[in-house]
Amino acid sequence: MIKITFPDKSVREFKDGTTGYEIAQSIGAMLAKDVLSISVNNELWDITRPINSDSEVKLHKWDDSEGKHAFWHSSAHLMAEALQELFPGTKFGIGPAIENGFYYDIEPGNGKVITEVDLQAIEKKMIELARLKSSYNRREVPKNEALNFFNKKGDYYKTELIGELEDGTISFYEHGNFTDLCRGPHLASTEPIKAVKVLSLAGAYWRGDEKRKQLTRIYGISFPKQKMLDEYLIQLEEAQKRDHRKLGKELDLFVFSQKVGLGLPLWLPKGARLRERLESFLKKVQVKYGYEPVITPHIGQKALYETSGHYAKYGSDSFQPIHTPAEGEEFLLKPMNCPHHCEIYKAKPHSYRDLPLRFAEFGTVYRYEQSGELHGLTRVRGFTQDDAHIFCRPDQLKDEFKKVIDIIFYIFKALDFKDYIAQISLRDKNNTEKYIGSDENWEKAEQAIVEACNEKGLKTTVEMGEAAFYGPKLDFMVKDALGRKWQLGTIQVDYNLPERFELEYIGQDNAAHRPIMIHRAPFGSMERFVAVLIEHTAGKFPLWLTPEQVVILPVSEKYNEYAKNVLNFLNNSDIRAVLDDRNEKIGKKIRDNELKRIPYLLIVGEKELESNEVSVRKQGHGDQGTMKLEEFAGFINSEIENMLNEIGS
RNA sequence: GCCGAUGUAGCUCAGGGGUAGAGCGCUUCCUUGGUAAGGAAGAGGUCAUGGGUUCAAUUCCCAUCAUUGGCUCCA
């Protein structure tokens, strides 16, 4: 007998070799039907795998990510089986479960190119195969046998993978006519897979290496019920409606022009207003935190970037130097603001008493992104960073870093960004030639970030090898409507640029010391931030950010004059209003998408003209009654103030 | 940059070797009682660009450009 400990710490005895499925059965028939995978001593197992020693277990159903993982991973194998049947000779790469669904990387047999028209056939085949209810069988095999097996099939991607595994750790999973190298876990059989959608195709480099062959990646998702699939697809469609590229067009915020150039957004009046609101919001915060504005030019001499190290690192993949009529003069469009700010610091000597110095600039920079990378406003070639560089003493570093975290918290709170990931990006210690600066400085910088985050109680993930080439960083990632992660706020500790620019301050000991530099951008870039903001708010911005807060609707032409007076009044009291004097039936006008997003509607007609008032309607809250204009102005201003105070508290 | 897809009216899209269509929007008119109305008529397109095949190309082929789903990259 073995002792099985459950998550609630209760212990029960089972016979040797009992399986997860049997444990579930002993608890209840319903559970046995729903259980998909099991954690045995924190290791994910199949529910059909015998347990032979005392263990702590946790059963996973669809609602657990572990359950979905097994479900989707099994679906990936099912898809591979379907592909093997449909396209004989197909070579298989890897096929994992992902956050939403699964994929398989393959090289189709006989030079076949899989296109979208094939997806349905794959789907159909998968369902057909799933109905066979083949069981997934785990088998541990010696390395030799594993290599032989895949060699015979000519599956050279698999043999490459096996070659790197240790003997004794290799397991095969078999179901129907398909055998795969796999760690598992899997479902007991294909039976629960009832609904399948093969979503999309993509190219993906084998093992993520762009020098290696590009395989065909097929994405899919599956569910235990058709209804769940239908719901998922509807949800996906809804998310697509929030796409900032679509809303940006509908709301007249920005456009792109082929003639101006790809990745170079043109901000329309409404978009510019929204952006200015955000900028002035941050500027106010920064004044409180002791930042000082600076302004620097859009170009700088090539030598500036040679000093900073950026030219060596990115020069050949950037916009190429601008040449002047004079021989030998070369300027670069600035791809970042730091070197300029370093030169500002250097313009005069500094005492330890002067520090920290915080130079802030909404600096527009230009980076030559690969054409395939461009994506709406989230990845562009010209963008404005809400940049600042803090020059401080070592004893001030942690405190300054924490203050920047505070600013980011404040902004995220103001805009209701709750779901973010704080990611600490450190260097890859096995590949140090990618980075500049001494090991000692890197250690110090990395430690400072980790400590500051701990002291702030910030929950972080740590990624090795994701650091900037000059220093480690803390990034705040937010997901867009379709679940893609984008880096917004970023804070970076840098010991290296101060060294390269030979920045100094005179310490208490009357000797020269090197300041530490913090790069930071709470929004990241205005472009990307606005993009994510649009998707988060579905285009309905908070009142204090809306490009237009009020739409004025005269009931008929007779009241246009009065409506214009109302407009003038509001404009003078700093409320952003638009007049809709098309004088059509109100119901018709209100259907207008654009007007629908404006939070307040003022109706003026006979009644209002007589009493010199307006009828106020608030989006989603109905009639607010009639008000004098002064009252209304006060009403809106106090709503905005309350909103901002609430954020501040 | 790479792999796949797409490019037709302001928007969303259908069509197809014989020089184009719908819905919404727009313009004009009619109906309507002031809170997400109904109807009629009309204007709008070198079918992304450049080549090729053909008696004839928006449609087929090739190239280019742009957009897009991913991969790689992201100072």
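Bear in mind the structure is a predicted one, so any value in this text is a computation, not a measurement. A, B, ... follow the sequence lines: proteins, then strands. Residue 1 opens every chain. Basis for what follows: all heavy atoms, side chains included, without hydrogens, waters or symmetry-related copies.
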Qualifying residues under side-chain contact (heavy atoms from CB on, under 4.5 Å), relative to N560(A), sequence neighbours excluded
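For N560(A), the residues satisfying side-chain contact (heavy atoms from CB on, under 4.5 Å) (neighbours in sequence not counted) are P554(A), E557(A), D581(A), N583(A).
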
Do the side-chain N or O atoms of [X] get closer than 4.0 angstrom to the phosphate oxygens (OP1, OP2) of [N]?
X: K259(A); N: A66(B); result: no
X: R484(A); N: G70(B); result: yes
X: R245(A); N: G69(B); result: yes
X: H375(A); N: G70(B); result: no

Heavy-atom contacts under 4.0 Å between residues 423-435 of chain A and RNA chain B, which residues?
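Within this stretch, nothing sits under 4.0 Å of the strand.
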
Residues of residues 97-104 of chain A with any non-hydrogen atom less than 4.0 angstrom from an atom of RNA chain B: list those, numerically ordered, please.
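Residues of residues 97-104 of chain A under 4.0 Å from RNA chain B: none.
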
So does E330(A) have more than 12 non-hydrogen atoms from other groups sitting under 6.0 Å from CD?
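Yes, because the 6.0 Å sphere around CD of E330(A) holds more than 12 heavy atoms from other groups.
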
Nearest-angstrom distance, [atom1] atom, [N] to [M]:
N: G17(B); M: G52(B); atom1: C1'; answer: 15 Å
N: U67(B); M: C11(B); atom1: C1'; answer: 16 Å
N: G45(B); M: U31(B); atom1: C1'; answer: 33 Å
N: G7(B); M: C13(B); atom1: C1'; answer: 12 Å
N: A20(B); M: A9(B); atom1: P; answer: 14 Å
N: U19(B); M: U59(B); atom1: C1'; answer: 11 Å

Return the value, rounded to whole Å, for the distance between atom [atom1] of [X] and atom [atom2] of [N].
X: H244(A); N: U68(B); atom1: NE2; atom2: P; result: 8 Å
X: Y368(A); N: C73(B); atom1: OH; atom2: C1'; result: 12 Å
X: L119(A); N: U6(B); atom1: CG; atom2: P; result: 12 Å
X: Y562(A); N: G34(B); atom1: OH; atom2: P; result: 18 Å
X: R617(A); N: U35(B); atom1: CZ; atom2: C1'; result: 5 Å
X: E527(A); N: C74(B); atom1: CD; atom2: C1'; result: 15 Å

Tell me the closest heavy-atom pair linking L497(A) and C338(A), and the distance in Å.
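Here L497(A) and C338(A) meet closest at CD1-CB, 3.9 Å.
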
Sequence neighbours excluded and cut-off under 3.5 Å, please list the side-chain donor-acceptor pairs for residues 259-271 of chain A, or say none.
| from | atom 1 | to | atom 2 | distance (Å) |
| --- | --- | --- | --- | --- |
| K270(A) | NZ | E594(A) | OE2 | 2.6 |

Using a 4.0 Å heavy-atom cut-off across all strands, classify G208(A) as base, sugar-phosphate, or nothing.
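Result for G208(A) = sugar-phosphate.
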
Does a side-chain N-to-carboxylate-O contact under 4.0 Å join D439(A) and R427(A)?
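Answer for the salt bridge query: yes.
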
Do we see a donor-acceptor contact under 3.5 Å between the side chains of W206(A) and E107(A)?
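Per modelled atom types, W206(A) and E107(A) side chains form no pair under 3.5 Å.
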
Considering heavy-atom distances to RNA chain B, does E116(A) or E466(A) have its closest nucleotide positioned more toward the 5' end?
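The answer here is E116(A).
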
Only Watson-Crick and G-U wobble pairs with both distances less than 3.5 Å should count. Give RNA chain B in dot-bracket notation, marking inter-strand partners with |.
(((((((..((((....[..)))).((((((.....)))))).....(((((..]....))))))))))))....

Give me each pair satisfying side-chain hydrogen bond (donor to acceptor under 3.5 Å, both in side chains) with a member in residues 460-469 of chain A, each pair once, sequence neighbours excluded.
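For residues 460-469 of chain A, and leaving out neighbouring residues, there are no side-chain hydrogen bond (donor to acceptor under 3.5 Å, both in side chains) pairs at all.
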
Nucleotide nearest E608(A) (side chain, heavy atoms from C-beta), chosen from G69(B), C71(B), G34(B)
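Of G69(B), C71(B), G34(B), G34(B) is nearest to the side chain of E608(A).
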
